[in-house]
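Quick notes on the structure that follows.
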Amino acid sequence: MFEDLAPGADADSAGADWAAQTVARLVDLDAAYLGLLRRQDELRQQQNQTSAAMKSVGSLPKDQQAAERARLIEQGKQLRTDERSLVDQTEAALRARDEAWARVPNLTHAETPRGRTDDDHRELRRVGTPRDFAAEGFTPRDHLAVAESLDLVDFEAGARVAGQKFYYLKHEAVLLDLALQHFALGVAARHGFALHTTPDLAREEILRGLGFQPRGESSQIYSVADSDLCLVGTAEITLGGMLADAILEEEQLPLLLAGLSHCFRTEAGSAGQESKGLYRVHQFTKVELFAFTTPEQSETMHARLLAIEEEIFQALKIPYRVLDIASGDLGGPAFRKFDLEAWMPGRGAHGEITSTSNCTDYQARRLRIRYRPGGDGKPKPRHVHMLNGTAVATSRALVAILENYQQQDGTVAVPEVLQPLVGKPVIGPRRRA
RNA sequence: GGAGGAGUGGCCGAGCGGUCUAAGGCAGCGGACUUGAAAUCCGCCGUGUCCGCAAGGGCACCGAGGGUUCGAAUCCCUCCUCCUCCGCCA
């Protein structure tokens with residue numbers, strides 16, 4: 001059903017055509033539903049009139065009352081039968097319309113680069129200068145080698161207890177992980193975000209509202225057997241879901257939330273160099289920024305979220321670049337997405353460390369989150385815009401720190417802003433017990 | 001985990017088969033009175049959706065979903081949430 005609503009491989013050339021067909025299909029489905037809805041409402045009006053008529057039967061002459069009652073009951077029965085079959089049709093039509101709608105991704109920002117490959121992202125800028133390891137006289141190792149030599153991470157035990165791509169952080173890595181969380185939460189609070197810790201599980205319905213696909217074949221989401229709960233892949237889900245069905249006042253916007261949660265991802269089908277060590281794991285901890293705004297505010301807010309992400313990694317003194325993500329890589333909900341990619345000397349390439357998306361009203365429509373515009377008269381509620389951004393994902397940040405702060409003697413310097421919580425300026429060398 | 005109780009408009013709260021077009025109160029908005037304010041009085045005061053240029057009208061919503069009935073906020077079933085007590089536990 002509706003295969004024609006999914007773009008094919010040559011979507012860029014066929015894009016306009018596909019869009020026109022999709023719109024036509026949606027219009028047809030909508031008209032079909034509304035036609036049935038109108039008939040259903042008329043039928044219900046008759047039902048209401050019939051039961052109202054029953055009330056006045058008592059004012060008829062006694063000898064006519066029984067006959068009139070019987071007539072109305074018979075009529076009511078008939079109407080009920082008709083109404084039920086019409087309701088089934090109406091519900092089916094509504095489902096067809098909504099399913100078609102759910103498959104339509106968000107619109108795309110005019111400036112978003114078009115394309116489907118990593119080469120199609122637009123690099124907006126580079127900030128910070130990568131260290132010249134050759135000049136320092138040594139070859140940088142990847143974070144896993146650094147971490148293992150300092151006994152900071154144990155993947156073997158993680159595999160034994162929970163499976164591959166699970167891990168234990170050890171020693172100063174634990175403190176680094178916590179220091180990153182604390183630092184990011186501090187920055188978020190200073191920018192006016194209300195701090196939250198969130199549930200690490202959420203109902204499927206909420207996941208769907210945020211545009212995630214909880215139980216698909218290649219789902220990134222762990223689900224809990226015999227329940228409708230899933231492990232969250234990001235606090236975006238729990239923060240966004242907090243206000244489902246709410247109608248906010250315009251003065252409350254923009255509403256800024258920060259959430260600390262564990263994040264769980266199945267990482268189905270990913271492997272290779274990119275997934276080595278802490279870069280791609282099943283569980284990590286993340287501080288997430290979330291914003292509810294008016295439609296007019298969302299673009300400015302998106303820039304603000306990006307600026308906060310940059311502030312954090314500038315404070316950590318990690319070189320990075322900013323990408324304007326290409327249309328084919330946006331996913332369903334995002335209207336525009338910026339990624340920060342840190343320079344990772346161990347692999348000699350950039351790697352994603354944060355991502356911020358403007359989802360405009362895509363999630364708000366599914367979660368029914370609206371606001372009442374101020375002003376005179378009785379303005380109808382409008383959908384809010386919803387945006388999210390990573391303040392810090394600790395596992396990825398650890399990769400960047402270990403690789404950028406490694407020293408020739410095998411130790412790792414601690415970023416200055418984290419030193420108060422880690423309690424020392426340098427990690428290692430360690431004497432193995 | 002066990003046993004009870006409860007979910008009604010922004011909030012409190014009545015209603016427990018047809019008079020619900022959901023009482024009453026609080027908050028809010030407009031007005032009268034007042035130099036101004038308070039107090040008092042009068043009026044307004046949910047959401048969604050459909051038809052309509054509009055005025056206006058229809059339909060739905062009393063935690064969610066099913067059911068019984070000519071007719072359900074009201075009766076029955078399932079689920080969700082909250083409260084109380086017991087047990088267990090960080």
Side-chain angles (χ1 to χ4, degrees), chain A residues 26-60 62 64-98 100-102 178 197-209 214 223-230 237-238 241-253 255 260-262 292 361 363-384:
Chain A
L26 290 171
V27 168
D28 287 348
L29 288 168
D30 191 53
Y33 162 66
L34 289 181
L36 287 164
L37 181 66
R38 225 168 297 139
R39 281 171 57 201
Q40 177 188 288
D41 281 356
E42 284 165 12
L43 211 46
R44 284 180 173 171
Q45 187 178 8
Q46 290 177 43
Q47 286 183 297
N48 289 340
Q49 286 166 351
T50 301
S51 57
M54 185 69 82
K55 291 181 220 163
S56 50
V57 165
S59 62
L60 292 174
K62 284 252 163 45
Q64 291 175 24
Q65 287 184 12
E68 179 62 3
R69 272 208 189 86
R71 191 187 70 79
L72 287 171
I73 286 172
E74 198 44 51
Q75 188 178 333
K77 279 183 174 165
Q78 184 58 47
L79 284 170
R80 188 172 65 189
T81 309
D82 294 349
E83 196 251 3
R84 284 193 180 174
S85 79
L86 195 52
V87 165
D88 289 343
Q89 293 176 52
T90 307
E91 283 176 353
L94 178 62
R95 223 172 305 123
R97 187 193 75 172
D98 289 349
W101 252 114
L178 289 172
T197 62
T198 85
D200 287 340
L201 288 81
R203 292 184 206 288
E204 276 182 43
E205 181 199 337
I206 298 292
L207 280 275
R208 267 188 251 282
S223 47
V224 178
D226 300 322
S227 84
D228 64 346
L229 289 170
C230 300
I237 292 161
T238 44
M242 277 180 89
L243 293 174
D245 288 309
I247 298 179
L248 305 166
E249 297 301 326
E250 181 166 4
E251 306 88 78
Q252 294 176 259
L253 303 176
L255 184 60
L260 171 66
S261 83
H262 291 117
F292 300 86
D361 65 352
Q363 297 172 326
R365 289 199 311 266
R366 285 164 173 72
L367 292 166
R368 301 163 301 278
I369 303 177
R370 290 164 297 170
Y371 75 100
R372 206 181 305 282
D376 299 330
K378 285 175 73 178
K380 297 190 84 169
R382 302 168 74 197
H383 286 107
V384 298

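Proteins come first, then strands; the chains are lettered A, B, ... in the order of their sequence lines, and each starts at number 1. The shown structure was predicted, so the numbers you read here are calculated from the model rather than taken from an experiment.
- Here the separation of B:U8 from B:C82, taken at their P atoms, is 14 Å to the nearest Å.
- Between the P atoms of B:C76 and B:G18, the separation comes to 15 Å (whole Å).
- Heavy-atom minimum distance, A:Glu204 versus A:Cys230: CG-SG, 3.7 Å.
- At whole-Å resolution of the value, CG in A:Leu86 and P in B:A60 are 13 Å apart.
- Put simply, the residue from A:Gln363, A:Arg370, A:Arg368 that forms a side chain to side chain contact (heavy atoms under 4.5 Å, CB included) with A:His383 is A:Arg370.
- Distance OH (A:Tyr371) to P (B:U47): 16 Å, rounded to an integer number of Å.
- Between A:Arg372 and A:Glu250 no salt bridge is recorded (no basic side-chain N to carboxylate O distance below 4.0 Å).
- The pair A:Arg71-A:Glu68 counts as a salt bridge, with a side-chain nitrogen and a carboxylate oxygen less than 4.0 angstrom apart.
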Where do A:Leu367 and A:Asp245 land on the side chain to side chain contact (heavy atoms under 4.5 Å, CB included) test, with the steps shown first?
-> CA-CA 6 Å; A:Leu367 292 166; A:Asp245 288 309; over 6 Å; no
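- Comparing B:A6 with B:A73, their C1' atoms are spaced 15 Å from each other, to the whole Å.
- Nucleic acid contact class of A:Arg368 (heavy atoms, under 4.0 Å, all strands): none.
- Rounded to a whole Å, the CD atom of A:Gln40 is 12 Å from the P atom of B:C59.
- Rounding to whole angstrom units, CD1 of residue A:Ile369 and P of B:G48 are separated by 15 Å.
- Residue A:Glu42 holds its CD atom at 13.0 Å from CD of A:Gln47, rounded to the nearest 0.5 Å.
- Map A:Arg44 and A:Arg372 each onto its nearest nucleotide of RNA chain B; the residue landing nearer the 5' end is A:Arg372.
- B:G65 and B:A72 have their P atoms separated by 15 Å, with the value rounded to a whole Å.
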Does the side chain to side chain contact (heavy atoms under 4.5 Å, CB included) test come out yes or no for A:Ile369 and A:Phe292, once each step is laid out?
-> CA-CA 9 Å; A:Ile369 303 177; A:Phe292 300 86; 3.9 Å; yes
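- In this entry the distance linking CD of A:Glu91 with C1' of B:A60 reads 12 Å, nearest Å.
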Are any protein N/O atoms closer than 3.5 Å to N/O atoms in nucleotides 50-56 of chain B? If there are, list each pair with its distance.
residue	atom	partner	partner atom	Å
B:C51	OP1	A:Arg38	NH2	3.4

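- Computed from coordinates, the A:Arg39 CZ to B:C59 P distance equals 18 Å when rounded to whole Å.
- To the nearest whole angstrom, the two P atoms, one in B:U40 and one in B:G25, are 13 Å apart.
- Heavy-atom contacts from other residues, nucleotides or ligands closer than 6.0 Å to CZ of A:Arg208 number more than 12.
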Does the pair A:Thr50 and A:Met54 meet the rule for a side chain to side chain contact (heavy atoms under 4.5 Å, CB included), with working shown?
-> CA-CA 7 Å; A:Thr50 301; A:Met54 185 69 82; over 6 Å; no
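- For the C1' atom pair drawn from B:U78 and B:C42, the interatomic distance equals 49 Å after rounding to whole Å.
- When the P atom is used for both B:G4 and B:C59, the distance is 42 Å, rounded to whole Å.
- Remark: side-chain polar atoms of A:Asp200 are paired, donor with acceptor, to backbone N or O of A:His262 under 3.5 angstrom.
- Spacing of P atoms, B:G15 relative to B:G66, comes out at 28 Å, to the nearest Å.
- Straight-line distance from the CZ atom of A:Arg382 to the P atom of B:G48: 14 Å, rounded to whole Å.
- Spacing between atom CZ of A:Arg370 and atom C1' of B:U49 amounts to 11 Å, rounded to whole angstrom units.
- The side chain of A:Asn48 contributes an N or O atom lying less than 4.0 Å from OP1 or OP2 of B:C59.
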Under 3.5 Å between N/O atoms: give me all the protein pairs with nucleotides 68-72 of chain B, atom names plus distance.
residue	atom	partner	partner atom	Å
B:U68	OP2	A:Arg84	NH1	3.2
B:U68	OP2	A:Arg84	NH2	3.4
B:C70	OP2	A:Arg80	NH2	3.2
B:C70	O4'	A:Ile73	O	3.4
B:G71	OP2	A:Arg80	NH1	2.7

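- The CG atom of A:Leu29 lies 10.5 Å from the CG atom of A:Leu94; values are rounded to the nearest 0.5 Å.
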Report the C-alpha separation of A:Leu260 and A:Thr198 in whole Å, then their side-chain angles, then the decisive distance to 0.1 Å, and conclude whether the side chain to side chain contact (heavy atoms under 4.5 Å, CB included) test is met.
-> CA-CA 6 Å; A:Leu260 171 66; A:Thr198 85; over 6 Å; no
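- Side chains of A:Asp41 and A:Gln45: no donor on one and acceptor on the other come within 3.5 Å.
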Could you write out RNA chain B as a dot-bracket string, with dots for unpaired bases, | for bases paired across to another strand, and Watson-Crick or G-U pairs counted at under 3.5 Å?
-> ((((((((.[[[..)..(.....]]].(((((.......))))).((((((....)))))).[[[[[..)....]]]]])))))))....
